[in-house]
Chemist: 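Got a structure here, written out as structure tokens. Questions coming.
Atoms within each ligand, like the ligands themselves, are counted from 1 in listed order.
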Amino acid sequence: MIAWTILLAAGSGSRMKAAGLSTKKQFMDAGGEPVFWKSAKAFSRVAGLSGMVFALPPDEKESMEAVVAELDAKSPLGLEWACVAGGERRQDSLENALAALPRDCTHVLVHDAARCFVTPEVIVRVVEALRGGARAVIPAVPVKDTIKEVRDGVVAATPDRSRLMAVQTPQGVSLDVLRRGFEAARANGLTVTDDAGLAEALGLPVHVVEGSEDNVKITTPEDLRLLDGQAPLVAIPRVGFGYDVHRYAAADTPDDAPTRPMVLGCAPIPGAPRVIAHSDGDVLLHALADALLGCLCQGDIGQHFPDTDAKYSGVASSILVSEVLAGFAPAGLTLTHVDLTVVAQVPKVGPHREHIRRNVAGLLGLPLERVNVKATTEEKLGFTGEKLGIKAYATATAVGFESP
Ligand code: CTP
Ligand code: MG
């Protein structure tokens, strides 16, 4: 028997996402290492497994493959490994992974990367059953609660609890069974949630070995407390504030000063005074970028995009905002709302307000109803009142999930 592990880590974690968590659960931190790597390590401790295929989200395949290489260099799995892009459904990810197996592989252990508390004991039980001749093996634990079959909100049946088991992974399957199972699944349009289910669909016996109560799958935010053994994570809001000023070009502006036609929130404002600025001079997006950096606790745009650097000369401020925004997901933050205020005597911002709002919502990937744009004059007082320049304020609100 030559057995490989297939570690399924290509899911999108939609149940976590629905609760506002932006990092996929399999890539979250589990005591100093990512969840999926903690799973991989358990397999590396079991003798008799030859290699591992990681199924990764298609859009993150390259970046996560680099992470696997880095983790393996730091603390080697001691196994051959390969990475593939996963597919739409769990079984599609599995099918893609099959293509990366070496020719001599005869059996696979298919594991949910999100079950990072799997122990070598459970894995060994599955391997032993395969070695004993079983062609499909699942670990399972007896259910504790009475299970009801419910239809339209009414109990339809109460199956005998003593015969019910909750199924876990790794599921061990011989490759010929798995390949035949996939053919049958394709022919019948079958979707299965477990791998041995493919053997079951072929009418083959699926053997059950003892699983473990601890071998749970991280699925919803409540499960995250298991990762650090602490209290459940709570949503912590962060509010970032930004402020920026641009001077208007005037008769006494030196010829070599960089002046730009006015743009507010990516909307050109025809007929407005020109502004003096190193970048495109979008004062509103500069205030917004600072507000976003405020959420991230990462200083201000001057530090990140210095106006002494020629590469930012005339740069579209939307690029700066996008670059700052890209820092949110890695920091575990989800942007939820922005509120922007333009202060100017001239031009009149009102006619452009909805255009600006739509642009900003699109730029930030926020629904329109979570973006507000306001404008005011300062009653002819101060530098805006004297039409010498324009200023903008922004707040950005984000949530992150943290231990209390
Ligand atoms: N998985 C996968 N490819 C998919 C779907 C799921 O590799 N197309 C993996 C997940 O990464 C996870 C395991 O299969 O390790 C079990 O799936 P599940 O718990 O359902 O994870 P997700 O599909 O990511 O989460 P959700 O169902 O909440 O979207
Ligand atoms: Mg799923």
Chemist: If you look at every heavy atom in Glu213 and Pro142, which pair is closest and at what distance?
Modeler: OE2-O, 4.4 Å

Chemist: Would Asp223 and Lys25 pass as an ion pair if we require N to O under 4.0 Å?
Modeler: no

Chemist: Charged N to carboxylate O under 4.0 angstrom, Lys374 versus Asp339?
Modeler: yes

Chemist: Given side chains that start at C-beta, do those of Met1 and Val127 come closer than 4.5 Å, heavy atoms only?
Modeler: yes

Chemist: Evaluate the ring planes of Trp37 and Phe54, with Trp represented by its six-membered ring, and classify them as parallel (under 30°), tilted (30 to 60°) or perpendicular (over 60°).
Modeler: parallel

Chemist: Could you walk me through whether Leu292 and Leu364 pass side-chain contact (heavy atoms from CB on, under 4.5 Å), step by step?
Modeler: CA-CA 10 Å; Leu292 297 176; Leu364 298 176; 4.1 Å; yes

Chemist: Around ligand 1, what residues show up once you keep those with a heavy atom under 4.0 Å from it?
Modeler: Leu8, Ala9, Ala10, Gly11, Ser12, Gly13, Ser14, Arg15, Lys25, Gln26, Gly87, Glu88, Arg89, Arg90, Ser93, Asp112, Ala113, Ala114, Lys217

